Amino acid sequence: MEKNASPTKPQENTGFPASYLPAEVEPALCSRWEESKLHHYDPARPRQETFVVDTPPPTVSGSLHIGHVFSYTQTDIFVRFQRMLGKNIFYPMGWDDNGLPTERRVQNLFGVRCEPTVPYKEGYKSSGPKKDLKDYEHISRRNFLELCETQTAEDEKRYEALWRRLGLSIDWRQTYSTVGAHCRKTSQFSFLDLFKKGHVYSAETPTLWDTTFRTAVAQAECEDREANGFFHDIKFQVEGGGDFTIATTRPELLAACIAVVAHPDDARYKALFGKKALTPLFKAPVPIMPSFHADPEKGTGIMMVCTFGDIADVQFWRDHKLPLRQVIGRDGRLIPVQFGAGLFESADHAAANAAYGQLAGLYAKQARTKTVELLRAEGSLVGEPRPTKQAVKYYEKGDLPLEFVPTRQWYIRILENKPALLEQGRKVKWHPDYMLKRYEQWVEGLNQDWCISRQRYFGVPFPVWYPLDHDGAPDYSSPIVAAAERLPVDPQTDVPPGYTEAQRGKPGGFMGDHDVMDTWATSSLTPMVSSGWAADKERHAKLYPADLRPQAHEIIRTWAFYTITKSWMHENSVPWYNAGISGWVVSPDKGKMSKSKGNTITPEGLLQTYSADALRYWSGKAKLGQDTVYDESVFKVGMRLATKLFNASKFALMQMKGPAAAGAKPGPADITEPLDRAWVEFLKGLVEQSREDFQSYDYAAVLLYVETAFWNFCDNYLELVKNRAYSGKPEAARSACAALDWTLSVFLRLFAPFMPFITEEVWGWSYAASTGRPSVHKAAWPSAAEMPSAAGDREVFETARKVLEAVRTKKAAEKRSVKWPVARLAVECGPKQAAALKLALEDVLLAGCVDKAGLTLKEAASDEAALSVTVELGAA
RNA sequence: GCGCAGUUAGCUCAGCGGUAGAGCAAUCGCCUUACACGCGAUGGGUCAUAGGUUCGAAUCCUAUACUGCGCACCA
């Protein structure tokens, strides 16, 4: 026997759909919203009536995952609330399609590499992915960029379809792509402005360098990874006699040693300061110097400074104007150098060159092994290498450790502006507020200016050329910048003012800057991209600064920080008044959901299975800033809530079509029954609280108590009044119907930001016509003022509920059905509760199927007395 | 090393000075003027630990432990 089999019941003709089918209803509503221009921004309305969102442009590199659904929905929930407050919503969508992720995806998808020396092929078509790296086709820059554009356009279509299906109330006329002409123009315009203001400079200096991608990277894109390294104790000779031992994890940098340092107060080494040491293998004389950054407790207390092991080396090299002995090349191999010539000094050229000859051309890791071998043979290795855990810096997308390589790069001056940038960060209201700490900590810890140039292809070029001297060497000190009105320009194809194309690359001619901007150099401008800062002053004034920047916490150091920086430099303003920081979706084992772990979930299937409202419900349950465990059972709860909304609404509306429907439509003045007033009183409080909590970005709290209240409505209030609403007593029925009418409209509106589809569907059954608001999403957020009835006593509802509960408990204990008759009901309580109960007695007795003759109500002397209910069931 | 957040029922979380809560799961029931994709009910917690403040502490303070994250160091 099927446990859940329901006996077939004839379907009454209610005038409402029999059951809720979200898979059909939701897409239909999406189309309706689009047709009715529900989400359109109105440029005619003033700024103070407008709510501006600086939507995160998702990286276009494959597919969106459940984490995107989570955070974008949270933003949409808040936006929908603002729309119901009557705000003119500016809610754009951008696509972050420039930069490395796209390049990588296109390389793999089509089996190609960009090779700028290869000529352009008209109508080029890729032959598809390649198994072996050797088989990758080398194609021109232009062909490569075309592939990038085609691919991202396709991805963006899929992204948009998903966002629509999820019900994000975006104005789809307001879109941008970070590689599109508008963004290129804005980014280049930004560069010109920074250039004019002196906030940007180019310099040839050691910079963080990724040897795999062969590009510079910024501090913000680095991460530490723990590695198993080795301490190598290496003996140095002192000129004029003596020796000492240093400890290093990077012996392959020995040839790059420029000094040896110890703490100024370190008694062990004090006597050596001012003398010179001779490096092992290469016999290079290097000064022994005091430095506070040498920690007497660490290693042997004395250490070598190389060009370059870490940022401290860079600092020391710069401060003391020491020679640059670069040995690591751009590809991560040791470059050939000559000892005895130029900067590489040696007391024994022949030995030094012989040793180095065995290292040149090796990758750093190979060179390390070889160096240890040579040191051991020379007798300079003290003991054996000792294992140690060390944190090594990597580019977040890279697989090999970063190196410091001197190259020419463009930098934005942030170090000297730290105090101002900290202050700007504090002007933004962060949600949750502790996220400001992350921002502050990051800014305080910065030790490099922001490197914005990348030696890549798919990105925004610098609008800059350099004059070439008579030998054809570029003069970097006098860059030629493009004129603002010519933007966007590509210096590889466009010609600077006063030159002709024929002079490109010729002595006395010019060359274009080869690099492209870091993708953050563009995305740091998103509020200004949307506002039209570089194109339309009037529009800009209406849309900037934005009201809300939603984003995830791991990119506070990049996206939030860079945006704050640019806004300050360009406009001396904050980019937005509020930053809403969303949490992550974590897998049930508390790990991060990531593609590499293979535990990412694609949203399309979930939408089909559970409905958009269900996924949105799950997103709405999580507070800002808080990580959420991926749990499908929550989708089920959300789906059930939508179904319940459907059924309860149908039922409530049916009541209103009952006997009370005769005559004028019941209104607030008809709410006369104390039970109804009590319920309305409760709702008033709920409605006011919801507005307050929403305004402080605590939408999750709203969903929580609205949901609880809604189930309370279904299980208790509706059960208590349904008999009366259907009864022949006109006034009592009208009171119930008026209360139900308002209640339903309130719940639909309170749920609308979270579950836009089911609420819109139900709204259309009755309220679209009765309120003159075709969409619930443009209905006014409910307020207590809508219900100008006399104050109710909430105790009436509470007491009625408690008594009804006692009756239900008894029936459950006796294993009887809910409608089983009650022969005797004895209630004992204080005078206050007794009075309250009397006011709702009829409803309670009907809902509990209680025989009126069997009722006794005993009043205790004090209100301290607890409510006690005794129930005796009758015969069938 | 510094900082931020957290530790409440089997699970996921709410509560943030006034008698320990919800949902899920579990268990027992029920065809009731919508909903069996439903409804009713039951069991389940020294609120991480130790101190302190208070008439009263899950809640405030101070330590400690653990978890997650951020930052720094990293010879």
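Below, read A as the first sequence line, B as the second, and so on, with proteins coming before strands; counting in each chain starts at 1. Values in this document were obtained by computation on a predicted structure and should not be read as measured data.
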Side chain of [X] only, heavy atoms from C-beta on: which candidate in [options] is closest?
{"X": "A:L704", "options": "B:A34, B:A14, B:C37", "answer": "B:A14"}
{"X": "A:T809", "options": "B:C31, B:A34, B:A41", "answer": "B:A41"}
{"X": "A:R438", "options": "B:G70, B:C74, B:C37", "answer": "B:G70"}
{"X": "A:K393", "options": "B:A34, B:C74, B:C13", "answer": "B:C74"}
{"X": "A:D310", "options": "B:U32, B:C74, B:G38", "answer": "B:C74"}
{"X": "A:N447", "options": "B:C73, B:C71, B:C4", "answer": "B:C73"}
{"X": "A:V637", "options": "B:U33, B:U32, B:C24", "answer": "B:C24"}
{"X": "A:A812", "options": "B:A34, B:A41, B:U33", "answer": "B:A41"}

- First encountered from the 5' end of RNA chain B, between A:V818 and A:Y434: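 Closer to the 5' end of RNA chain B: A:Y434.
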- If you find the nucleotide of RNA chain B closest to A:E805 and the one closest to A:I302, which residue's nucleotide is nearer the 5' end?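 Closest to the 5' end, via its nearest nucleotide, is A:E805.
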For [X] and [N], what is the distance between atoms [atom1] and [atom2] respectively, to the nearest whole Å?
{"X": "A:R225", "N": "B:C73", "atom1": "CZ", "atom2": "P", "answer": "18 Å"}
{"X": "A:R724", "N": "B:U33", "atom1": "CZ", "atom2": "C1'", "answer": "16 Å"}
{"X": "A:R640", "N": "B:C39", "atom1": "CZ", "atom2": "C1'", "answer": "11 Å"}
{"X": "A:E444", "N": "B:G1", "atom1": "CD", "atom2": "C1'", "answer": "16 Å"}
{"X": "A:Q441", "N": "B:G70", "atom1": "CD", "atom2": "P", "answer": "11 Å"}
{"X": "A:R808", "N": "B:C28", "atom1": "CZ", "atom2": "C1'", "answer": "17 Å"}
{"X": "A:N647", "N": "B:C31", "atom1": "CG", "atom2": "P", "answer": "20 Å"}
{"X": "A:Y630", "N": "B:C24", "atom1": "OH", "atom2": "P", "answer": "18 Å"}

Could you check whether [X] gets within reach of a base, just the sugar-phosphate, or nothing at all, counting any heavy atom under 4.0 Å?
{"X": "A:A294", "answer": "base"}
{"X": "A:Y20", "answer": "nothing"}
{"X": "A:W711", "answer": "sugar-phosphate"}
{"X": "A:D715", "answer": "sugar-phosphate"}
{"X": "A:E554", "answer": "nothing"}
{"X": "A:K621", "answer": "nothing"}
{"X": "A:K815", "answer": "sugar-phosphate"}
{"X": "A:H293", "answer": "base"}
{"X": "A:E223", "answer": "nothing"}
{"X": "A:D224", "answer": "base"}
{"X": "A:K644", "answer": "base"}

Separation between the [atom1] atoms of [N] and [M], rounded to whole Å:
{"N": "B:A5", "M": "B:A20", "atom1": "P", "answer": "27 Å"}
{"N": "B:G45", "M": "B:U62", "atom1": "P", "answer": "32 Å"}
{"N": "B:U32", "M": "B:A26", "atom1": "C1'", "answer": "25 Å"}
{"N": "B:A50", "M": "B:U8", "atom1": "P", "answer": "16 Å"}
{"N": "B:G17", "M": "B:G56", "atom1": "C1'", "answer": "8 Å"}
{"N": "B:C11", "M": "B:U46", "atom1": "P", "answer": "13 Å"}
{"N": "B:G10", "M": "B:U49", "atom1": "P", "answer": "14 Å"}
{"N": "B:A9", "M": "B:A48", "atom1": "C1'", "answer": "15 Å"}

- Message: What I'd like to find out is whether the side chain of A:F646 reaches to under 4.5 Å of the side chain of A:L21, using heavy atoms alone.
- Response: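 Contact flag for A:F646/A:L21 side chains = no.
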If pairing requires Watson-Crick or G-U wobble contacts with both distances under 3.5 Å, which nucleotide is the partner of [N]?
{"N": "B:G70", "result": "B:C2"}
{"N": "B:A9", "result": "none"}
{"N": "B:G29", "result": "B:C39"}
{"N": "B:G44", "result": "none"}
{"N": "B:A20", "result": "none"}
{"N": "B:U62", "result": "B:A50"}

With under 30° as parallel and over 60° as perpendicular, where do the rings of [X] and [Y] fit, or are they tilted in between?
{"X": "A:F404", "Y": "A:F308", "value": "perpendicular"}
{"X": "A:F713", "Y": "A:F747", "value": "tilted"}
{"X": "A:F561", "Y": "A:Y439", "value": "tilted"}

- Query: Within 45° of the axis and under 6.0 Å from the centre of the six-membered ring of A:Y394, does NZ or CZ of A:R225 qualify?
  - Reply: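 Yes - A:R225 lies over the ring of A:Y394, closer than 6.0 Å to its centre and within 45° of its axis.
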Is the phosphate of [N], meaning OP1 or OP2, less than 4.0 Å from a side-chain N or O of [X]?
{"X": "A:Q626", "N": "B:A14", "result": "yes"}
{"X": "A:R816", "N": "B:G29", "result": "no"}
{"X": "A:K623", "N": "B:G15", "result": "yes"}

- Query: B:U8: syn or anti, with syn meaning chi within 90° of zero?
  - Reply: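 Anti for B:U8; the angle lies over 90° from 0.
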- Query: Taking atom types as modelled and ignoring hydrogens, do the side chains of A:E707 and A:Y617 form a donor-acceptor contact shorter than 3.5 angstrom?
  - Reply: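 Note: A:E707 and A:Y617 side chains meet the donor-acceptor criterion.
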- State, without any angle test, whether A:E554 and A:W584 hold a side-chain donor-acceptor pair at a distance under 3.5 Å.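 Yes, because at least one side-chain N or O of A:E554 sits under 3.5 Å from a partner of the opposite role on A:W584.
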- Item | More than 12 heavy atoms from other groups under 6.0 Å of NZ on A:K418 |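 Enclosed: over 12 neighbouring heavy atoms sit under 6.0 Å from NZ of A:K418.
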- Give a yes or no on whether A:E396 atom CD has more than 12 heavy-atom contacts from other residues, nucleotides or ligands under 6.0 Å away.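 Correct, the count exceeds 12.
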- Message: Can you confirm if the aromatic rings of A:F236 and A:Y269 lie within a centre distance of less than 6.0 Å?
- Response: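 Ring-ring flag for A:Y269/A:F236: false, centres at least 6.0 Å apart.
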